[in-house]
Amino acid sequence: MSRLLRMLRIAWTVVRYRLDASIARFAGRRWWLKLSPLGLLPRPRTADAVRFRRALEDLGPVFVKLGQILSTRRDLLPTDYADELAKLQDRVPPFDGAVAVATVERALGAPIDELFAHFDPQPLASASLAQVHTATLPEGDAVVVKVIRPDIERVIESDIRLIHTIADLLERLSRDARRLHLKAVVRDYEETIFGELNLLKEADNTATLRRNFAGSPLLYAPEVYWERCTESVLVLERIHGIPIADVAALQAAGTDMKKLAERGVETFFTQVFRHNFFHADMHPGNIFINAEEPASPSYIAVDCAIIGRLTDEDQWYIARNVLAFLNRDYMEIARLHVRSGWVPDDTDTLEFAAVIRQLGEPLFMRPLKDISFGHFLVALFTTARRFDMEVQPQLVLLQKTLLNIEGMGRELYPDLDLWSTSKPFMERWVAERHGPKAILKAFADHAPAIVAELPRLPAALAEAPTRLAEFDRRLDAQRRSLQRARRRRLAGAVLLAVLGVVLWRDVSPEAAAAVVAGAVALLLVLR
């Protein structure tokens with residue numbers, strides 16, 4: 001019954017916000033939409049994307065989270081929808097503080113008074129999956145306690161099933177919906193949202209980020225109090241900083257905004273290329289600024305539930321793509337896409353390079369400070385879909401994070417030149433990873449293994465001709481075996497054909513004998 005009521009509520013939301021217009025935009029004007037009685041209603045004045053966002057907000061936290069993730073898929077969504085969905089915030093009423101206390105006591109196995117010298121039952125913040133309370137440890141440390149919402153897993157499972165059903169239905173009805181890979185997007189969403197329910201995973205991510213930037217002037221991550229962490233409770237050091245969106249407060253503190261913006265870019269590239277572990281949810285609500293030293297401001301990151309990683313190959317090819325774009329080498333970008341496997345091997349690189357050139361050249365007509373690399377990536381991925389490129393999840397996270405960093409950087413310092421900050425970093429990284437020093441270092445790292453194999457080298461060289469001859473003999477034997485197998489298959493086909501002729505009723509004995517004699521002769525030749 002509850003599922004039926006939920007479906008009825010979704011149907012009412014579709015009617016109330018006239019989402020038939022959004023469905024038509026993604027699915028096309030299908031016959032079943034033309035027959036819909038909603039078309040008889042007056043055309044709403046509010047933009048389609050705005051109504052879509054408001055509908056998701058009305059449907060609750062699971063749909064809000066889905067919208068937030070959809071907003072990152074700018075390679076799939078029209079710009080107006082992506083921009084509107086990016087405005088989604090977790091405006092969720094808090095649950096009772098007594099329930100939070102009971103959850104903490106049950107998870108940690110002790111009364112709240114023993115666990116904390118003080119625990120504020122009034123939440124500091126409330127989101128779709130959890131809420132945060134301030135507390136003080138018996139040792140005097142100020143902390144925040146993140147508590148998963150009660151019964152949220154059951155709600156998520158129920159809504160996820162409905163979302164899967166809707167995505168499956170739309171893909172069955174619409175080729176455009178299939179092009180958007182709605183079912184794959186929902187599967188990614190399901191994995192992400194259930195991953196966020198395990199706060200031990202977030203604790204591990206936070207500790208790793210803190211360790212990576214230990215002693216760095218770029219970024220600070222709060223300390224994790226492991227002895228008080230479980231899957232449903234997370235205890236972290238309470239941080240104090242200026243929200244990055246509060247530009248007026250940062251300016252009032254005398255913050256060097258240019259340095260802050262440039263450090264944001266450096267922080268991003270450091271996470272992606274040096275650590276290969278990047279905070280993939282760096283929206284303004286999760287970033288604070290330590291402006292105690294205004295001339296040397298640093299970032300503070302919280303909510304490390306979503307983390308991105310790249311393979312070594314992806315790191316290498318992305319770095320090369322960045323440098324190729326800066327050098328306007330579009331043929332190199334096309335070749336890199338083929339080598340990396342991002343597009344099929346049979347892609348026409350000349351045609352692909354020409355399309356990328358049409359995309360890139362207009363950008364260079366503007367000042368560098370006005371070029372958004374994040375939006376270029378979005379446009380590149382969208383264009384590459386014409387060449388059967390499937391955008392991988394880790395690239396989507398990278399694109400989303402870069403868009404966030406670039407957007408925040410330009411908000412802080414409108415004249416931010418992303419390229420002058422990133423190009424030297426990328427050139428150093430490529431040289432360090434793949435230059436002569438890197439090759440010598442690789443040899444040095446493997447020197448013990450190489451030295452251990454050196455005594456065997458003369459014997460291996462002496463045995464090489466024999467081994468090569470043996471390899472040739474085996475190859476010849478395999479070739480002969482394949483030829484024999486082909487002959488046997490051909491002989492079998494001939495015999496079946498002969499049998500069919502002989503068994504055919506209208507064939508005279510003389511003709512049958514001639515066919516058999518011919519078949520035997522052919523078999524002898526094949527043999």
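Asp256 pairs by the side-chain contact (heavy atoms from CB on, under 4.5 Å) definition with Lys258, Lys259, not counting sequence neighbours.
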Ignoring hydrogens and angles, write down the donor-acceptor pairs under 3.5 Å from the side chains of residues 96-109, residues two or more places apart or on other chains.
residue: Asp96; atom: OD1; partner: Ala98; partner atom: N; Å: 3.1
residue: Thr103; atom: OG1; partner: Val99; partner atom: O; Å: 2.9
residue: Glu105; atom: OE2; partner: Ile112; partner atom: N; Å: 2.8

Show me the side-chain donor-acceptor pairs of residues 236-248 shorter than 3.5 Å, one per line, residues at least two apart or across chains.
residue: Glu237; atom: OE1; partner: Tyr220; partner atom: OH; Å: 2.8
residue: Glu237; atom: OE1; partner: Glu223; partner atom: N; Å: 3.0
residue: Glu237; atom: OE2; partner: Tyr220; partner atom: OH; Å: 3.1
residue: Asp246; atom: OD1; partner: Ala249; partner atom: N; Å: 3.2

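Ser158 contributes no side-chain N or O that, together with a main-chain N or O of Val155, makes up a donor-acceptor pair within less than 3.5 Å. Remark: side-chain polar atoms of Thr255 are not paired, donor with acceptor, to backbone N or O of Gln251 under 3.5 angstrom. A side-chain donor-acceptor contact under 3.5 Å links Gln131 to the backbone of Phe95. Using a distance-only test at 3.5 Å, with no hydrogens or angles considered, a donor-acceptor pair links the side chain of His279 to the main chain of Val302. Using a distance-only test at 3.5 Å, with no hydrogens or angles considered, a donor-acceptor pair links the side chain of Thr165 to the main chain of Arg161. Proximity of a side-chain donor or acceptor of Arg410 to a complementary backbone N or O of Asp415 within less than 3.5 Å is not detected.
The minimum heavy-atom distance between Ala221 and Thr206, with the atom names listed, is CB-O, 3.9 Å. Ile148 approaches Ala130 most closely through the heavy-atom pair CA-CB, 4.0 Å. Summarising the geometry of Leu398 relative to Phe268, their closest heavy-atom pair is CD1-CZ, 3.7 Å, with the distance given to 0.1 Å. Closest approach of Ala280 to Gly308, counting heavy atoms only: CB-N, 4.0 Å. The shortest non-hydrogen separation linking Ala305 to Asn205 is O-ND2, 3.6 Å. Listed here is the closest heavy atom pair of Gly67 and Leu56: CA-CD1, 3.7 Å.
Residues Ser128 and Arg149 bring no donor and acceptor atom of their side chains to less than 3.5 Å of each other. For Asp48 and Tyr81, the side-chain atoms include no donor-acceptor pair closer than 3.5 Å.
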For this session: Begin from the C-alpha positions of Arg187 and Glu191 and carry the test salt bridge (Lys or Arg N to Asp or Glu O under 4.0 Å) through to its verdict.
Result: CA-CA 6 Å; Arg187 283 195 298 271; Glu191 183 178 342; over 6 Å; no

For this session: Begin from the C-alpha positions of Thr230 and Val233 and carry the test side chain to side chain contact (heavy atoms under 4.5 Å, CB included) through to its verdict.
Result: CA-CA 5 Å; Thr230 69; Val233 174; 3.7 Å; yes

Problem set entry | Stepwise salt bridge (Lys or Arg N to Asp or Glu O under 4.0 Å) check, Arg54 with Asp58 | CA-CA 6 Å; Arg54 290 176 179 171; Asp58 268 14; over 6 Å; no

Exercise. Is there a side chain to side chain contact (heavy atoms under 4.5 Å, CB included) between His337 and Ile333 once you walk through the steps?
Worked result: CA-CA 6 Å; His337 274 68; Ile333 294 176; 3.7 Å; yes

Problem set entry | Stepwise side chain to side chain contact (heavy atoms under 4.5 Å, CB included) test for Leu234 and Tyr225 | CA-CA 8 Å; Leu234 172 66; Tyr225 291 86; over 6 Å; no

Problem set entry | side chain to side chain contact (heavy atoms under 4.5 Å, CB included) evaluation trace for Leu310 with Ile318 | CA-CA 10 Å; Leu310 301 173; Ile318 287 169; 3.8 Å; yes

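Here CD1 of Ile156 is found 4.0 Å from CG of Leu197. Values are rounded to the nearest 0.5 Å. For the atom pair CG of Leu260 and CD1 of Ile289, the computed distance is 4.5 Å after rounding to the nearest 0.5 Å. Summarising the geometry, atom CD1 belonging to Ile356 is positioned 8.0 Å from atom CG belonging to Asn321; distances are rounded to the nearest 0.5 Å. Here the straight-line distance linking atom NZ of Lys146 with atom CG of Leu199 works out to 6.0 Å at 0.5 Å rounding. Considering CG of Leu209 and CG of Asp204, their distance stands at 11.0 Å, rounded to 0.5 Å. Rounding to the nearest 0.5 angstrom, the gap separating the CD atom in Glu157 from the CZ atom in Phe194 is 4.5 Å.
Applying the side-chain hydrogen bond (donor to acceptor under 3.5 Å, both in side chains) definition to pairs two or more places apart or across chains, those involving residues 292-302 are Arg263-Ser296. Contacts classified as salt bridge (charged side-chain N to carboxylate O under 4.0 Å, His left out) and involving residues 274-289 (residues at least two apart or in different chains) are given here: Arg274-Glu432, Asp281-Lys400. Pairs of residues two or more places apart, or lying in two chains, that qualify as ring pair (Phe, Tyr, Trp, His ring centres under 6.0 Å) and include a residue from residues 107-156 are Phe116-Phe119, Phe119-His133.
For the pair Arg339 and Arg320, the minimum side-chain heavy-atom distance is below 4.5 Å. Using a 4.5 Å cut-off on side-chain heavy atoms (C-beta onward), Val186 and Ile166 make no contact. Inter-residue side-chain proximity for Val143 and Thr136 is flagged as unmet; no heavy-atom pair is nearer than 4.5 Å. Side-chain contact check for Val235 versus Val144: every heavy-atom pair is 4.5 Å or farther apart.
Relative ring orientation between Phe269 and Phe425 is described as tilted, the plane-to-plane angle lying within the 30° to 60° band. Ring geometry for Phe213 versus His275: interplanar angle over 60°, hence perpendicular rather than tilted (30 to 60°).
Only one option out of Trp316, Phe278, Trp429 pairs with Phe273 in a ring pair (Phe, Tyr, Trp, His ring centres under 6.0 Å); it is Trp429. Each of Ile405, Ile306, Asp303, Leu402 was compared with Met282 under the side chain to side chain contact (heavy atoms under 4.5 Å, CB included) criterion, and only Ile405 meets it.
Heavy atoms from other residues, nucleotides or ligands lying under 6.0 Å from CG of Asp345 number 12 at most. Taking a 6.0 Å sphere around CH2 of Trp226, one finds it holds more than 12 heavy atoms contributed by other residues, nucleotides or ligands.
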